[in-house]
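Reviewing the structure listed below.
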There are 2 protein chains.
Amino acid sequence: MSGRRSVADALDTRAAILRRAADIASVEGLEGLTIGRLAADLEMSKSGVIGHFGSKEQLQLATLDHAADLFRLRVWEPVRHLRPGLERLLGICASWTRYAEAPGFAGGCFIAETSFEWDGRTGPVHDALVVVTGRWRRTLAAEIRTAIAAGELAADLDPDQAVFGLEALAAGINPARQLHGETQAPTWALRTMHAILGVSPATAS
Amino acid sequence: MSGRRSVADALDTRAAILRRAADIASVEGLEGLTIGRLAADLEMSKSGVIGHFGSKEQLQLATLDHAADLFRLRVWEPVRHLRPGLERLLGICASWTRYAEAPGFAGGCFIAETSFEWDGRTGPVHDALVVVTGRWRRTLAAEIRTAIAAGELAADLDPDQAVFGLEALAAGINPARQLHGETQAPTWALRTMHAILGVSPATAS
DNA sequence: TTGAAGTACGAACGTTCGGTCGCTAAATTG
DNA sequence: CAATTTAGCGACCGAACGTTCGTACTTCAA
């Protein structure tokens, strides 16, 4: 009844842990995630859970990576094939706000949640978060610069300022929906993103 | 060496606890706030701390109220005397972004932090947060509607969408500064707020 | 067939959590 | 001056925390 079942099962177990961990952490935060709670939910022992990661901090890092993978899969992958520049940028805005509406986690977008939870702290999780969000920021900035170079966006648009605006709006969907039940928040965010980029609704659709 | 000192001291003690609690919670979150940590920082016993509030949840609610008071004092009070409508609205944007730049807490704006921490949870703290942020949203929306009625803002501006945008931008300053060291974030936020309202830089200054 | 590697268990570890209790002593009230 | 109230302390509780350890069992390689 106990012991290892198979390599495939083991990989499944680890994946199942991370899936559940991301779900819990999206509500309780990455620090509010506890090994005991995780074990109870998965009907495992605590040592069985932590054995896959070694420590809680490693579990947190793995959970963050898992969530980042999911974010890329849901936001970046669908628009990856589009032409670099404005077309792909608008695609990102669309898939991003769509993702924020239904991120697949119980508590909303994991990355946004964690950014606010860990921005004031220090340590490996903070640093990993900087890497993950920094990479996304650079992707956005590059796309904007490409669009400007192609004449698709105004030459006087500040890419860094635009990236800041887009990120803030996407993150803002979380509390708007869960605190105030603003179901229109994703639509508002998308419209305001277009305004920031100086794109007319006609061009955007 | 022990025992009560005076009523004035007692009020000071309570205020000192709340001040320190808000400071800790701005970094560690309202849940990461612990009575033991608080007692150690203030060189008190745990029972001496919790005696002022009764339970941790009451302490959390009091801390939230305290932070909301400070927010009102720093953001609303300075522009309270201004003429309702666009003038006061622009004043709010200015004091708001200034506040987000130096909120007086170790970990950035407390309200923004807590909004993301508690948006997915339930209970009294969540409910209190809804009240606090809801009141602020209504204040903003009313100011925008006044400005529209006076012809100072475009008639087709959606007040709720604008409120969503302003709030998202103000909150976004937190992780931008603390995660990526973007010292320009407050300036970016203010500029984008003006863009959302359809106000030209000339009018704004 | 035997041995190594790996997966999970259950029990225990020391610590910290929120919270309670009885007490002391100062301030307030009469 | 006596009685009441109250701030704060220190000891303590049960529960939950992250973590370690020895053990059982399965799978895979030699």
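Owing to the predicted nature of the structure, the values given are computational and were not obtained by experimental measurement. The chains referred to below are lettered A, B, ... by the order of the sequence lines, with proteins before strands, and numbering in each begins at 1.
Residue B/Ile50 has its side chain nearest to C/dT20 when only D/dT19, C/dC17, C/dT20 are considered.
Within the 4.0 Å cut-off from OP1 or OP2 of D/dG8, at least one side-chain nitrogen or oxygen of B/His52 is found.
Taking atom CD of A/Glu31 as the reference point, atom C1' of D/dC17 lies 11 Å away to the nearest angstrom. Rounded to whole angstrom, the span from the CD1 atom of B/Ile35 across to the C1' atom of D/dC9 amounts to 15 Å. One can place CD of A/Glu28 at 15 Å from P of D/dA16, the figure rounded to the nearest angstrom. The NZ-P distance, from A/Lys56 to D/dC17, rounds to 9 Å in whole Å. Residue A/Leu59 contributes atom CG, which lies 13 Å from atom P of D/dC17 at whole-angstrom precision. The CD-C1' distance, from B/Glu43 to D/dA7, rounds to 17 Å in whole Å. Between the CG atom of A/Leu42 and the C1' atom of C/dT7 there is a distance of 15 Å, rounded to whole Å. C/dA8 atom C1' lies 16 Å from atom CZ of A/Arg14, rounded to whole Å.
For the 3.5 Å distance criterion, the side chains of A/Thr133 and B/His180 qualify, holding a donor opposite an acceptor.
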What does the list of N/O pairs under 3.5 Å between the protein and nucleotides 10-14 of chain D look like, with a distance for each?
unit_1, atom_1, unit_2, atom_2, d
D/dG10, N7, B/Ser47, OG, 3.4
D/dG10, O6, B/Ser47, OG, 2.7

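Counting any heavy atom pair closer than 4.0 Å across all strands shown, A/Leu33 reaches sugar-phosphate atoms only and no base atom.
Between B/Trp136 and B/Trp76, the ring planes lie perpendicular to each other; the angle is over 60°, past the 30° to 60° tilted range.
Both A/Gly54 and A/Arg37 lie near DNA chain D, and the one whose nearest nucleotide falls closer to the 5' end is A/Arg37.
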Atom pairs and distances, donor-acceptor, side-chain atoms in residues 106-115 of chain B, under 3.5 Å, two or more places apart:
unit_1, atom_1, unit_2, atom_2, d
B/Thr114, OG1, B/Phe110, O, 2.7
B/Ser115, OG, B/Ile111, O, 2.9

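Contact check on A/Glu101 versus A/Arg98 returns no salt bridge, with no Lys/Arg side-chain nitrogen under 4.0 Å from an Asp/Glu carboxylate oxygen. Residues B/Glu143 and B/Arg138 are not paired through a salt bridge, judged by the lack of any N-O separation under 4.0 Å between the basic side chain and the carboxylate. Taking the charged nitrogens against the carboxylate oxygens, B/Arg37 and B/Asp41 do have a contact shorter than 4.0 Å, which makes a salt bridge. Between A/Glu167 and A/Arg137 there is a salt bridge, since at least one side-chain N of the basic residue sits less than 4.0 Å from a carboxylate O of the acidic one.
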